[in-house]
Amino acid sequence: MINITFPDGSRREFEQGVTALDAASSIGSRLKKATLAAEIDGERRDAFAPIGKDCTLKLLTFEDEGGRWAYRHTASHMLAQAVKRLYPGTKLAIGPAIENGFYYDFDTEHTFAPEDLALIEKEIEKIEKEELAVSRFELPREEAIAYVEKRGEPYKAELIRDLPEDAVISFYQQGEFVDLCAGPHADNTGKVKNIKLMSLAGAYWRGSEKNKMLQRIYGTAFEKRAALDEYLTRIEEAKKRDHRKLGRELGLFMVADEGPGFPFFLPKGMVLKNTLIECWREAHKRYGYVEISTPIILSRQLWERSGHWDHYKNNMYTTVIDEADYSIKPMNCPGGMLVYKAEPHSYRDLPLRMAELGLVHRHELSGALHGLFRVRCFTQDDAHIFMTWEQMKDEIVSTVRLFDEMYSLFGLKYKIELSTMPENHMGEKETWDFATETLKQAICETGKPFEINEGDGAFYGPKLDFHLEDSIGRTWQCGTIQLDMQMPERFELEYIGADGERHRPVMIHRALFGSIERFIGVITEHFAGAFPTWLAPVQVKVLAMTDRNQTAAENVARELEKYNVRVERDFRNEKIGFKIREAQMQKIPYMLIVGDKEEEGGVVAVRSRKKGDVGTMPLAGFIRQINDEILTRARD
RNA sequence: GCCAACGUAGCUCAGUUGGUAGAGCAGCGCAUUCGUAAUGCGCAGGUCCAGGGUUCGAGUCCCUGUGUUGGCUCCA
């Protein structure tokens, strides 16, 4: 017999090997509604897990993450069960719970159409009403393989064959449906409600493009109806702030069929871009950078020397000039190397921080293109820092500080990821280890949390990636700090040390926004198009009440322009409500309304896009106020 | 690149079982001169993504290409 302690402190004796589920449900109604992963001595386990010794036991409820995981995983099994019923002969691949729901991959002759989803949802509802008990059983390896093969599931057989020798091979069954699965699960399909199928997609078996493309159905499920509705509303809200939609509505940028993946910046988008760059230049000046610009087209020999011709050729656009091969640059570094090499350097020059807003072109797969988030032509806010090994750590620390300062300016949250040596790397493992260790130390010094992404570094060195979070919670890799141990070697960079000898510098390759274009996409969604005043393409719209007030309104506009405020005029013969509506939809921070009353009183009526009508004030007062807001780069 | 869906006026979208196109908004004109999110009337606007095919006849059906969207893969 063993003793199990429950969350309320109560204790009971059970036979050895009792399942967590049985143990918990035996103590009555308090836990009856609970589902279904279990926490045994603080460790998350399957609710069907047999318990062999004294322990504390808590069943994770729907509200707990573990329960939600089990809940959605069971929903994914119900989806598979429904599909098997409706389309017999369908082969099952995998169907996990994921962050916002679950999916299941199928291999079937039938091509799913959007209409099918409603049909499948109905069948899932039936399965829920049938209240099928979920049970678990285990089979030895060979039997398990024979079992799934008999059931016509070759993908499952492949999965079992790849499991480690000593793995426990478990199956979960609900009604006629059986699936290879480690669990945990809800104990009854009747408990899993509010399942909604979201979308169809293709997905390669085991994520490799060499394998067959399967059909994936995405869905989500929530314990409470209200939570599902809230989630669906959130998706709708996110759609409203899609930067592609806002980009068109606000006249920021466009992408034409004539140039897939090559964005056009419109006048207002250009103001935004230039303002951003101005801010960037100012910060880099403070952090001791110089700025350069290198050519867009450079010879094949250069790309061979840098290693890009070997490692990156598939993504490079090439051209021929006077019968010689050239490439349009996909990265700025080789050009930067040439600048460094153009003159000799002393240790006194280091660290040398050389920034470049470089326009790069990369041939991205057509299916990967996405507004400004993924394009084929973008401006990298690049910089190369040449330094000694001793200076490396401090340089990284200061770079992380610069990044933090800039991201905070926009109120953006970010995550840092450390990527280590990949398979196709260049250079010695010892150098890699040293560089990776230095990166780790530097980031620890800044006190920022980070995650490690094994084997995801660039071929020339380990890197720190900064992932910014957008409005829907998607993360986008923007900033990056990459140690480059290869370029200085390949280009034979040197500096003369205090000892009078030649030494090889080490290099950091870094980008803060990553891509100006992507960053603009991210902040467009982040602010839902309502940019802070300092960034807004139009900061003030001057509205004349009637034709009589045009001259006075024009004077107001000119006065604002004297102070470099970005002004737009609306002197049209329209009702004031209509003009306000348009300015409001354009998300212009301030509207100044000039009518007879304002003219008489020598004031302007101020309307803020956020607070609405804020009353009248003298123009000079408004200018002082907005100037302060712009200079401090305030967020509203 | 792969899987799927889609492509009709500047934008958002209708367009029945094939019988050569419509609405709202935007634009332009006229009237109106108005007080904090839509004044009224009128006019104009389309190689129905492109190219083939089926048909007496194609926006509608088929094929190919292209672009977009959602994913996969890849990535700033």
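Chain identifiers are assigned alphabetically (A, B, ...) following the order of the sequence lines, protein sequences preceding nucleic acid strands; residue numbering begins at 1 within each chain. Keep in mind it's a predicted model, so treat the numbers as computed, not measured.
Residues passing the ring-ring contact (aromatic ring centres under 6.0 Å, His included) test with A:His509, sequence neighbours excluded: A:His384. Partners of A:Phe378 by ring-ring contact (aromatic ring centres under 6.0 Å, His included), not counting sequence neighbours: none found. Residues satisfying the ring-ring contact (aromatic ring centres under 6.0 Å, His included) criterion with A:His425, sequence neighbours excluded, are A:Trp432. Residues satisfying the side chain to side chain contact (heavy atoms under 4.5 Å, CB included) test with A:Lys210, not counting sequence neighbours, are A:Ser208. Partners of A:Glu600 under the side chain to side chain contact (heavy atoms under 4.5 Å, CB included) rule, at least two apart in sequence or in another chain, do not exist in this structure. Residues forming a side chain to side chain contact (heavy atoms under 4.5 Å, CB included) with A:Lys313 (at least two apart in sequence, or on another chain): A:Trp309. A:Thr379 meets the side chain to side chain contact (heavy atoms under 4.5 Å, CB included) test with A:Lys273, A:Leu357, A:Leu359, A:Ile516, A:Glu517; sequence neighbours excluded.
Judged by atom type and distance alone, A:Tyr204 does not reach the base of B:rG71 through any side-chain donor-acceptor pair under 3.5 Å. Judged by distance alone, with hydrogens and angles left aside, A:Arg374 brings a side-chain donor or acceptor within reach of the base of B:rC74, the pair sitting under 3.5 Å. A:Glu364 contributes no side-chain N or O that forms a donor-acceptor pair with the base of B:rG1 under 3.5 Å.
Centroid-to-centroid, the aromatic rings of A:Tyr104 and A:Phe102 stay 6.0 Å apart or farther. Taking the ring centroids of A:Tyr87 and A:Phe112, they lie under the 6.0 Å cut-off. Annotation: A:His370 is in aromatic contact with A:Phe373 [ring centroid separation under 6.0 Å]. In this structure, the ring of A:His363 has its center less than 6.0 angstrom from the ring center of A:Tyr317.
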Every protein N/O lying under 3.5 Å from an N/O of nucleotides 24-27 of chain B:
none

Distances under 3.5 Å between nitrogen or oxygen atoms of protein and nucleotides 3-10 of chain B:
unit_1, atom_1, unit_2, atom_2, d
B:rC3, O2, A:Gly202, N, 3.2

Using a cut-off of under 3.5 Å, enumerate the N/O to N/O pairs linking the protein to nucleotides 11-15 of chain B.
unit_1, atom_1, unit_2, atom_2, d
B:rU12, OP1, A:Arg248, NH2, 3.2

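Across all strands, A:Ala511 comes closer than 4.0 Å to no nucleic acid atom at all (heavy-atom distances). A:Arg607 comes within 4.0 angstrom of a base, heavy atoms only. Residue A:Ala605 is in base contact, counting any heavy-atom pair closer than 4.0 Å across all strands shown. Counting any heavy atom pair closer than 4.0 Å across all strands shown, A:Lys579 reaches no nucleic acid atom. Residue A:Lys245 is out of contact with every strand shown, counting any heavy-atom pair closer than 4.0 Å. Counting non-hydrogen atoms under 4.0 angstrom, A:Val375 reaches a base of the nucleic acid. At the heavy-atom level, A:Asn315 lies nowhere under 4.0 Å from the strands shown.
Checking the phosphate oxygens (OP1, OP2) of B:rC72, a side-chain nitrogen or oxygen of A:Tyr218 falls inside 4.0 Å. At the phosphate of B:rU69, OP1 or OP2 sits under 4.0 Å from a side-chain N or O atom of A:Arg244. Taking 4.0 angstrom as the limit, A:Gln477 places a side-chain polar atom (N or O) nearer than this to OP1 or OP2 of B:rA76. Considering only side-chain N and O atoms, A:His363 lies nowhere under 4.0 angstrom from the phosphate OP1 or OP2 of B:rC75. In this structure, A:Thr480 does not reach the B:rA76 phosphate: none of its side-chain N or O atoms is under 4.0 Å from OP1 or OP2. Considering only side-chain N and O atoms, A:Lys210 lies nowhere under 4.0 angstrom from the phosphate OP1 or OP2 of B:rC2.
Between the C1' atoms of B:rG57 and B:rC28, the separation comes to 37 Å (whole Å). For B:rG19 and B:rC62, the P atoms lie 16 Å apart once the distance is rounded to whole Å. Separating the C1' atom of B:rC43 from that of B:rC2 is a span of 49 Å, rounded to the nearest Å. Using atom C1' as the reference point in both B:rG18 and B:rG10, the two lie 30 Å apart (nearest Å).
With a 4.5 Å cut-off on side-chain heavy atoms, A:Gln380 and A:Asn332 count as touching. At a threshold of 4.5 Å between non-hydrogen side-chain atoms, the residues A:Arg376 and A:Arg362 do not count as touching.
B:rU16 is unpaired under the criterion used here, namely a Watson-Crick or G-U wobble arrangement in which both key atom distances are under 3.5 Å. Applying the Watson-Crick and G-U wobble criteria (two distances, each under 3.5 Å), B:rG40 pairs with B:rC30. Across all strands shown, B:rC2 pairs with B:rG71; the Watson-Crick or G-U wobble distances both stay below 3.5 Å. A 3.5 Å limit on both hydrogen-bonding distances identifies no Watson-Crick or G-U partner for B:rG45.
Contacts of residues 405-413 of chain A with RNA chain B (heavy atom under 4.0 Å): none.
As a whole-Å value, the separation of A:Asn100 CG from B:rG70 C1' is 15 Å. Atom NZ of A:Lys273 and atom C1' of B:rA76 are 14 Å apart (whole Å). Between the CZ atom of A:Arg216 and the P atom of B:rG71 there is a distance of 11 Å, rounded to whole Å. Going from atom CD1 of A:Ile235 over to atom P of B:rU69 covers 18 Å, rounded to whole Å. Rounding to whole angstrom units, CG of residue A:Leu464 and P of B:rA76 are separated by 13 Å. Note: CG (A:Asn549) to C1' (B:rU33) measures 9 Å, nearest angstrom. Across the protein-nucleic acid pair, A:Leu197 atom CG and B:rG71 atom P stand 16 Å apart, rounded to whole Å. Atom C1' of nucleotide B:rG1 and atom CG of A:Leu369 are separated by 11 Å, given to the nearest angstrom.
Both thresholds, 5.5 Å between centres and 30° between ring planes, are met by A:Phe378 relative to the base of B:rA76, so the two rings are stacked.
For residues 579-607 of chain A, the set of pairs meeting the ring pair (Phe, Tyr, Trp, His ring centres under 6.0 Å) definition, not counting sequence neighbours, comprises A:Tyr590-A:Phe622.
Among A:Lys212, A:Lys91, A:Gln215, the single residue meeting the side-chain hydrogen bond (donor to acceptor under 3.5 Å, both in side chains) criterion with A:Asp107 is A:Lys212.
Taking every heavy atom of both residues into account, A:Glu568 and A:Ile588 meet most closely at OE1-CD1, 4.3 Å.
Between A:Glu356 and A:Lys329 there is a salt bridge, with a side-chain nitrogen of the basic residue lying less than 4.0 Å from a carboxylate oxygen of the acidic one.
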